[in-house]
Amino acid sequence: MSLLGAFALSLGLASGAGLVAPEPAAADSCYTWGQTLSRGDSGSDVRELQVRVAGWAASGDPVNIDGVYGPETANAVERFQRGYGLSVDGVAGSETYGQIYALQDGDCTPAHFAFSEFTSGDGSGFSGGNTSASNVRTNVLRNMWKLEAMRHKLGDSPLYVSSGFRSVAHNDAVGGVPDSKHTYGTGVDLTGAHSLCDLARAARSSGFNGIIGPGASGHNDHTHLATRSGRYWNAPDCF
């Protein structure tokens, strides 16, 4: 027996007694969290977490993507955990990350949405808007994670994007309002199997502060959702 083996045996470790193997580090092709996060933490890991739980915000109280793990982030994590049947403690650890990894594709999009669904209808991709293509892509990704939360809350049935990002030229061509949220990638229109009012109602607790739906002028055939700084909810036939 080697000296190292004899030393381990003398400590009662050779048979596994008293020896706790470290938990394997999680790895993901998009983003990997290497630490448990809770209230008071800050930094890029928190910011990336906030993007993925922003759709689990309180009604009318969006999660700020600011890299600070405050009460609103902890509460969103709790709702995410509850929504997916995890242990509920408001702390982001291996179980929470595991669920995020299960939802996350290699390009960081959530499992049920793709960037291609949100590109401008005139073929310009994410270019030609009122902000850079890089900013549009960031904004679209954040909206996608909110929509993933909405989708789960609505029974995991599909949501249909009828309009995502629009270049300024395309927005003008389809009669969009000047400086539309679509031209920043922060606005999205939905149609589909759910009633438009069901979509509008679910959006209130999915991180969207801009909601325009049935009863509002020009919105009886779709529900418009947006990420914005202040609340604007206008769907008179729904709420």
Side-chain angles (χ1 to χ4, degrees), residues 28-32 44-55 57 62-67 100-101 103-151 158-192 196 199-200 203 206-213 216-219 221-234:
D28 184 76
S29 56
C30 164
Y31 190 89
T32 298
S44 59
D45 275 358
V46 175
R47 184 181 298 273
E48 293 293 336
L49 174 67
Q50 288 171 326
V51 169
R52 288 147 180 85
V53 301
V63 174
N64 290 320
I65 313 299
D66 58 5
I100 292 174
Y101 297 152
L103 292 171
Q104 183 164 264
D105 290 334
D107 62 355
C108 299
T109 60
H112 299 100
F113 295 92
F115 281 118
S116 58
E117 296 176 77
F118 294 81
T119 53
S120 185
D122 62 354
S124 59
F126 291 137
S127 300
N130 277 317
T131 188
S132 70
S134 176
N135 285 342
V136 168
R137 192 177 179 90
T138 295
N139 293 336
V140 165
L141 182 64
R142 292 179 178 184
N143 270 358
M144 276 196 272
W145 279 99
K146 294 178 182 181
L147 292 173
E148 183 71 25
M150 264 186 68
R151 186 184 190 279
L159 302 182
Y160 298 97
V161 176
S162 59
S163 182
F165 167 70
R166 299 174 189 161
S167 69
V168 171
H170 183 58
N171 185 64
D172 290 345
V174 299
V177 298
D179 207 36
S180 166
K181 297 298 181 185
H182 287 282
T183 65
Y184 296 88
T186 56
V188 57
D189 294 345
L190 299 180
T191 59
L196 298 180
L199 295 173
S206 298
F208 290 102
N209 242 8
I211 304 170
I212 309 176
S217 178
H219 288 79
D221 61 351
H222 69 279
T223 295
H224 171 81
L225 308 178
T227 296
R228 51 183 294 151
S229 57
R231 184 191 303 181
Y232 181 75
W233 291 354
N234 182 12

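Atom set for the values below is all heavy atoms of this structure, side chains included, hydrogens, waters and symmetry mates excluded. On a predicted model such as this, the values are computed, not experimentally measured, just so you know.
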Between [X] and [Y], is there a donor-acceptor pair closer than 3.5 Å when you use the side chain of the first and the backbone of the second?
X    : Y    : value
N143 : A226 : no
T186 : K181 : yes
E117 : A114 : yes
T119 : F115 : no
D122 : S124 : yes
T183 : D179 : no

Can you confirm whether [X] sits close enough to [Y] that some side-chain heavy atom of one is under 4.5 Å from a side-chain heavy atom of the other?
X    : Y    : result
H219 : T223 : no
L225 : K146 : no
F113 : L159 : yes
N130 : N171 : no
Q104 : W145 : yes

Drop me the distance from [X]'s [atom1] to [Y]'s [atom2], to the nearest 0.5 angstrom.
X    : Y    : atom1 : atom2 : result
H170 : S163 : NE2   : OG    : 5.5 Å
W233 : I212 : CH2   : CD1   : 13.5 Å
R47  : Y31  : CZ    : OH    : 10.5 Å
H222 : T191 : NE2   : OG1   : 9.5 Å
S29  : Y101 : OG    : OH    : 10.5 Å
C30  : L103 : SG    : CG    : 12.0 Å

Which atoms form the tightest heavy-atom contact between [X] and [Y], and what is the distance?
X    : Y    : value
S120 : S167 : OG-N, 3.0 Å
I65  : A54  : CD1-CB, 4.2 Å
E148 : A111 : OE1-N, 3.9 Å
L196 : D221 : CD1-C, 3.6 Å

Of the options D28, V51, L49, which is the one that meets I100 in a side chain to side chain contact (heavy atoms under 4.5 Å, CB included)? L49
Do you know which of T109, N139, V188 makes side chain to side chain contact (heavy atoms under 4.5 Å, CB included) with M144? T109
How about D66 and Q50: does a side-chain donor come under 3.5 Å of a side-chain acceptor?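 Q50 and D66 do have a side-chain donor-acceptor pair below 3.5 Å.
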Qualifying residues under salt bridge (charged side-chain N to carboxylate O under 4.0 Å, His left out), relative to D189, sequence neighbours excluded: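 D189 satisfies salt bridge (charged side-chain N to carboxylate O under 4.0 Å, His left out) with R166 once adjacent residues are dropped.
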Going by salt bridge (charged side-chain N to carboxylate O under 4.0 Å, His left out), name the residues that satisfy it together with R151, two or more places apart in sequence or in a different chain.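 R151: salt bridge (charged side-chain N to carboxylate O under 4.0 Å, His left out) contacts with D156.
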Counting the benzene-type ring for Trp, do H224 and H182 have ring centres under 6.0 Å apart?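 Yes, close enough.
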Using the rule given for side chain to side chain contact (heavy atoms under 4.5 Å, CB included), can you reason through L147 versus F208, listing the C-alpha separation, both sets of side-chain angles and the distance that settles it, and then say yes or no? CA-CA 9 Å; L147 292 173; F208 290 102; 3.9 Å; yes
